[in-house]
Amino acid sequence: MRLIAANWKMNKGIHEAQEYIRKLLSLLKTTEDREILICPPFTALCELKNLLKETPIKLGAQNCYYKKSGAFTGEISPPMLKELNCEYIIVGHSERRHIFGEDDELINKKLIACLEEGLRPILCVGERLEERSAGMTFKVIETQLRLALSGIEDYTDSIDIAYEPVWAIGTGVPATPEDAVSVHRFIKDLIREINPSLKGDTRILYGGSVKPSNAPEFMKFEEIEGLLVGGASLEPESFAQIVYSF
Ligand code: PGA
């Protein structure tokens with residue numbers, strides 16, 4: 001089933017989050033044939049846990065640390081997120097990599113920690129503009145994937161992957177659907193090579209300047225098995241349009 005995920009980033013306090021969810025629920029139509037996920041800031045998770053109970057909307061976190069507990073000031077662990085009914089965790093988002101300096105080794109540890117807790121990671125990968133211009137896109141994606149999945153090759157069915165070209169995030173300039181499809185195919189082939197016994201449960205999502213106006217173009221392609229939406233997920237109306245873009 002395709003997954004449409006909202007990444008609110010550092011936006012919305014509890015009250016705004018409540019209003020948003022009420023509105024979004026009123027806009028939902030059929031939900032059996034698609035998965036809908038909201039990843040709010042940590043501070044809204046507890047409230048959303050209650051609001052989303054018995055609704056078709058799933059809850060996820062935008063980040064985690066890889067230890068279960070301990071002296072790690074300011075960090076949140078996968079067991080804590082599980083207690084809040086999170087089913088998904090975004091791992092290795094480009095803002096985590098480039099603003100907060102997360103490297104592939106840390107991302108690998110976070111993936112392992114999520115899997116141990118039975119949480120489904122959405123692993124983000126993507127090239128920077130200079131890497132794309134230098135013809136390095138596939139090489140960059142391959143390196144990020146091999147390092148992130150190191151030691152957990154057999155568990156790739158329990159992970160979704162978001163292809164988010166860094167230059168497309170928050171810029172209003174998405175990849176063309178054709179370019180995204182070629183990277184998605186490359187990722188699918190690579191994870192099949194990494195894990196030959198893959199059942200095929202890994203979904204490859206596209207993210208980067210997805211809007212209601214361009215979402216249908218992406219969703220026309222079966223290789224695009226979902227969307228990770230930032231800016232356009234902040235209004236329930238536009239997120240709902242994206243949810244029903246296919
Ligand atoms: P954007 O962000 O939709 O605002 O480009 C996507 C993301 O960062 O996941």
Side-chain angles (χ1 to χ4, degrees), residues 2-12 16-17 20 24 34-42 44-45 57-64 86-102 107 110-111 114 120-129 131-132 137 140-141 144-145 148 159-177 179-181 183-184 187 202-219 221 224-246:
R2 287 162 132 188
L3 170 65
I4 307 295
N7 174 13
W8 286 359
K9 309 191 180 185
M10 197 174 73
N11 293 290
K12 298 191 191 300
E16 246 184 294
Y20 179 105
L24 181 60
R34 60 203 71 211
E35 230 180 310
I36 306 165
L37 172 67
I38 303 281
C39 302
F42 289 131
L45 283 173
I57 304 174
K58 298 192 169 162
L59 191 58
Q62 300 172 15
N63 183 29
C64 68
C86 285
E87 292 179 52
Y88 289 86
I89 304 193
I90 299 172
V91 176
H93 188 277
S94 118
E95 285 145 22
R96 300 296 322 164
R97 291 177 190 259
H98 301 122
I99 303 175
F100 301 101
E102 290 194 10
I107 290 163
K110 291 184 177 194
L111 288 178
C114 292
R120 191 169 179 93
I122 300 174
L123 165 65
C124 300
V125 295
E127 81 288 359
R128 295 171 183 244
L129 188 56
E131 293 164 334
R132 166 159 288 251
T137 299
V140 170
I141 304 292
Q144 289 176 341
L145 280 173
I159 298 175
D160 292 313
I161 295 169
Y163 169 53
E164 298 206 305
V166 178
W167 47 271
I169 296 176
T171 59
V173 185
T176 64
D179 279 348
V181 165
V183 177
H184 283 219
I187 294 173
T202 304
R203 287 168 293 190
I204 320 288
L205 320 182
Y206 169 76
S209 296
V210 171
K211 296 185 279 273
S213 57
N214 60 30
E217 299 302 313
F218 287 102
M219 299 313 277
F221 294 91
I224 301 191
E225 296 161 301
L227 298 168
L228 181 54
V229 189
S233 76
L234 292 175
E235 296 298 331
E237 291 82 0
S238 66
F239 185 59
Q241 279 184 53
I242 294 171
V243 166
Y244 294 108
S245 61
F246 65 99

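Heavy atoms only: backbone and side chains are in, while hydrogens, waters and symmetry mates are out. Whatever order the structure lists them in is the order used to number ligands and atoms, beginning at 1.
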Between Glu102 and Arg96, does any side-chain N to carboxylate O distance fall below 4.0 Å? yes
Is any side-chain N of the basic residue among Glu35 and Arg2 closer than 4.0 Å to the acidic one's carboxylate O? no
Sub-4.0 Å atoms of ligand 1 with respect to non-hydrogen atoms of [X]:
X      : value
Gly208 : 5 (O)
Ala168 : 5 (O)
Leu228 : 9 (O)
Asn7   : 9 (O)

Could you walk me through whether Asp179 and Arg132 satisfy the side-chain contact (heavy atoms from CB on, under 4.5 Å) test, starting with their C-alpha distance in whole Å, then the side-chain angles of each, then the deciding distance to 0.1 Å, before giving a yes or no? CA-CA 11 Å; Asp179 279 348; Arg132 166 159 288 251; 3.5 Å; yes
[atom]: which protein heavy atom is closest, and how many Å away?
atom                   : result
atom 4 (O) of ligand 1 : Gly231 N, 2.8 Å
atom 9 (O) of ligand 1 : Glu164 OE2, 2.7 Å
atom 2 (O) of ligand 1 : Lys9 NZ, 3.2 Å

Please tell me whether Glu127 and Tyr163 have a donor and an acceptor in their side chains that are separated by less than 3.5 angstrom. yes
Under a 3.5 Å threshold, yes or no: a donor from one side chain and an acceptor from the other, between His93 and Glu164? yes
Working note: Glu87 + Arg120, criterion salt bridge (Lys or Arg N to Asp or Glu O under 4.0 Å); need CA distance, chi angles, decisive distance, verdict. CA-CA 6 Å; Glu87 292 179 52; Arg120 191 169 179 93; over 6 Å; no
Test log, rule side-chain contact (heavy atoms from CB on, under 4.5 Å), inputs Leu3 and Arg34: CA-CA 6 Å; Leu3 170 65; Arg34 60 203 71 211; over 6 Å; no
Test item, [X] contacting ligand 1 (heavy atom, 4.0 angstrom):
X      : answer
Ser209 : yes
His93  : yes
Gly207 : no

Proximity winner for atom 5 (O) of ligand 1, if only heavy atoms of Gly230, Cys39, Gly170, Cys124 are counted: Gly170
Checking Cys124 against Ile90 for the side-chain contact (heavy atoms from CB on, under 4.5 Å) test, could you report, in this order, the C-alpha distance in whole Å, the side-chain angles of both residues, the deciding distance, and whether it holds? CA-CA 7 Å; Cys124 300; Ile90 299 172; 3.7 Å; yes
Worked check of side-chain contact (heavy atoms from CB on, under 4.5 Å) between Ile169 and Thr171: CA-CA 5 Å; Ile169 296 176; Thr171 59; 5.9 Å; no
Using a 4.0 Å heavy-atom threshold (strictly under), name the region of Ile169 that reaches ligand 1: side chain, backbone, both or neither. both
Counting only heavy atoms, which portion of Ser94 has something under 4.0 Å from ligand 1: side chain, backbone, both, or neither? neither
